[in-house]
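Reading through the structure tokens given below for one structure.
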Amino acid sequence: MKETTPAAMPPCFERWCQRFDDVFTHKAQKREFRHYVGGLLGESERKNLLQMAENAVGVTYHRLHHFLTEAPWSSSQVNERRLEIMNKCSQTRISRGFSLIIDDSGHRKSGNFTDGVVRQYIGEIGKTDNGIVVVTTHLYDGRKSLPLDIELYQHANSLAEGKQDPEFEKKPELATKLIDQTLSRGYQPGIVIVDAGYGNNTSFLLELEKRQLKYLGGLAKNRKVTVNVKENIPQILRVDELAQALSTEAFAKVKLNLDKPKTLWVATKEVEISQLVGKRNIAIVMNAATFSQATDIDYFITNISSSIVTPQWIVDTYGSRNWVEVFYREAKGWLGLKEYQVRDKRSLIRHFILVFCAYTFILWHQLTGGLRRRWANKSLDTFTDALVAFRTAMSFRFFDWLTLHRDVFAAYKASLGFIWA
């Protein structure tokens, strides 16, 4: 059921929240932190402030709104504590050699009073519309997918002075800042994975190489490369022209193991690219055996050694980027990532970080097995299964609370204008 109360939350939730207590300076902040994260995890159809407050007995909208917009607490400190908690447990620890995935995601947002909202490309719908875009870093290590950091992208058209505004930063610049945050914690990613919006940006690739990071990124089809195609004579070609020039034998057949397995044809080639010293490997990935038959062709660039860059490696490594899409689907669909009732940048970031906390709470309990032992008789292999198990705990404990506090619940319903009797 959608109604709940903080008084009936499962003990594991309180134990988790206590780990954040010293990040907050006031008792009210600690209380509203529990109320907000609990609301995100609950069964409200919408996860905005009003709905979360109305569906929880003992939670008020104004206190929740004040916590998100005015209370003096640091979202960066809360985020650091979240990652520290993950790092303290052997089952959830952040180990070296993970894939660091850079991505930007947007969603529609009407009006023009919210920071960052303007007509821009929104990946969620695949076209330009009025909306908001964030740049994020994610970790994937083969076992878990974990959001790390987030920044609001403020398009030049959303700022008073356009590109001259002090707050204006391009997406690759924001991504570089987020990568530096990751490195400052002592994390050691094995590879950075980016889409063509970043992989096609030479300055961004140079920043990665300056930090001695390995990368695999998308590449635009019109990117020019210098390559020996025939008789060791260097030629400058667009990568799609290179794909056309390669023989059928240059492509290897590769299986991509997804929910619905795909067969792809992949060719790799050493090339030189303007402004990048030395050679880099590029890959051409098609959904058919020949260029003329293919309806979907992707191009990639990497600074990984040729001895490692095989067609299967390209497909498997870049395929891990799909976990970012899975995260956004779960965070937007279950935890209300895009359902907020605030307008300023600081409050938006606070909301996003609190969503990260709710997501990490479920992930931590999924990996450590606590929910499975008490609230499920099946393995909890997905985030959704683990969340449903936790909601089962919430509903059971609320039902127990309700049998003892019928008068309190009746008064709560009466305050909303309904009769529960």
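Computed from a prediction, not measured in an experiment: that's the story for all the values here.
With Gln164 contributing its side chain and Ala160 its backbone, the two residues share no donor-acceptor pair below 3.5 Å. Using modelled atom types, no side-chain atom of Thr268 and backbone atom of Ala283 make a donor-acceptor pair closer than 3.5 Å. Looking at Arg397, its side chain does come within 3.5 Å of a backbone N or O of Met9 through a donor-acceptor pair. Side-chain N or O atoms of Arg63 include none that pairs as donor or acceptor with a backbone N or O of Val59 at under 3.5 Å. The backbone N or O of Asp381 sits less than 3.5 Å from a side-chain atom of Gln366, completing a donor-acceptor pair. Between the Thr114 side chain and the Val117 main chain, no donor and acceptor come within less than 3.5 Å of each other. In this structure, the side chain of Asp296 does not engage the main chain of Asn287 through any donor-acceptor pair within 3.5 Å.
In this structure, Phe383 has its ring center at least 6.0 angstrom away from the ring center of Trp334. Under the 6.0 Å cut-off for aromatic ring centres, His405 and Phe409 do not qualify, their centroids lying 6.0 Å or more apart. Ring centroid separation for the pair Phe418 and Tyr412 does not come in under the 6.0 Å cut-off. Residues Tyr328 and His138 bring their aromatic ring centres within 6.0 Å. The six-membered or imidazole ring of His35 lies away from that of Tyr61, with a centre-to-centre distance of 6.0 Å or more. Residues Phe24 and Phe33 place their aromatic rings such that the two centres sit under 6.0 Å apart.
For the residue pair Leu367 and Lys144, the shortest heavy atom distance occurs at CD1-CD, 3.8 Å. The minimum heavy-atom distance linking Pro72 with Gln29 is given by the pair CD-NE2, 3.4 Å. In terms of heavy-atom proximity, Cys357 sits nearest to Trp16 at O-CZ2, 4.0 Å. Residues Thr182 and Leu148 come closest through the heavy atom pair OG1-CD1, 3.8 Å. Minimum interatomic distance between His351 and Leu40 (heavy atoms only, all atoms of both residues): CE1-CD2, 4.3 Å. When all heavy atoms of Leu41 and Arg391 are compared, the pair lying nearest together is O-NE, 2.9 Å.
Within the 4.5 Å cutoff, side-chain heavy atoms of Leu276 are placed close to those of Ile301. Between Lys262 and Leu264 there is a side-chain heavy-atom pair separated by less than 4.5 Å. Side chains of Thr92 and Leu146 form no contact here, defined as non-hydrogen atoms less than 4.5 Å apart.
Heavy-atom contacts from other residues, nucleotides or ligands closer than 6.0 Å to CD of Glu161 number more than 12. Within 6.0 Å of atom CG in Leu404, more than 12 heavy atoms from other residues, nucleotides or ligands are found, so the atom counts as buried in its surroundings. Heavy atoms of other residues, nucleotides or ligands lying less than 6.0 angstrom from NZ of Lys171 number more than 12. Within 6.0 Å of the NZ atom in Lys221, the count of heavy atoms belonging to other residues, nucleotides or ligands does not exceed 12. The local environment of CZ in Arg19 is crowded, with over 12 non-hydrogen atoms from other residues, nucleotides or ligands closer than 6.0 Å. Atom CH2 of Trp364 has more than 12 heavy atoms from other residues, nucleotides or ligands within 6.0 Å.
Checked for salt-bridge contact, Asp21 and Lys30 miss the test: no charged N lies under 4.0 Å from a carboxylate O. Ion pairing of Asp115 with Arg346 is absent here, as no side-chain N (NZ or NE/NH1/NH2) approaches a carboxylate O to less than 4.0 Å. Note on Asp141 versus Arg143: no salt bridge recorded, every NZ/NE/NH1/NH2 to OD/OE distance being 4.0 Å or above. Taking the charged nitrogens against the carboxylate oxygens, Glu173 and Lys177 have no contact shorter than 4.0 Å, which rules out a salt bridge. A salt bridge is defined here as a Lys NZ or Arg NE, NH1 or NH2 lying under 4.0 Å from an Asp or Glu carboxylate O, and Glu124 with Lys338 meets this definition. Checked for salt-bridge contact, Asp385 and Lys378 meet the test: a charged N lies under 4.0 Å from a carboxylate O. Using a 4.0 Å cut-off between charged side-chain N and carboxylate O, Arg185 and Asp149 make a salt bridge.
Side-chain contact annotation: Glu270 with Ser306, donor-acceptor N/O pair under 3.5 Å present. In this structure, a donor-acceptor pair under 3.5 Å is present between the side chains of Lys332 and Ser105.
The distance from atom CH2 of Trp265 to atom CE of Met286, rounded to the nearest 0.5 Å, is 8.5 Å. A distance of 7.0 Å separates CZ of Arg119 from CG of Asn130, quoted to the nearest 0.5 Å. A distance of 7.0 Å separates CG in Leu83 from OG1 in Thr360, rounded to the nearest 0.5 Å. Note that CD of Glu339 and CG of Leu50 are 12.5 Å apart. Values are rounded to the nearest 0.5 Å.
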Stepwise, does the ring pair (Phe, Tyr, Trp, His ring centres under 6.0 Å) test hold for His365 with Phe390? CA-CA 9 Å; His365 284 86; Phe390 179 71; 7.4 Å; no
What's the verdict on ring pair (Phe, Tyr, Trp, His ring centres under 6.0 Å) for Phe327 and Tyr359, showing C-alpha distance, side-chain angles and the deciding distance? CA-CA 9 Å; Phe327 163 76; Tyr359 180 89; 4.9 Å; yes
Chi angles and distances behind the ring pair (Phe, Tyr, Trp, His ring centres under 6.0 Å) call for Phe356, Phe361: CA-CA 9 Å; Phe356 282 11; Phe361 168 79; over 10 Å; no
Yes or no on salt bridge (Lys or Arg N to Asp or Glu O under 4.0 Å) for Arg223 and Asp240, after CA distance, side-chain angles and deciding distance? CA-CA 8 Å; Arg223 187 63 186 265; Asp240 57 349; over 6 Å; no
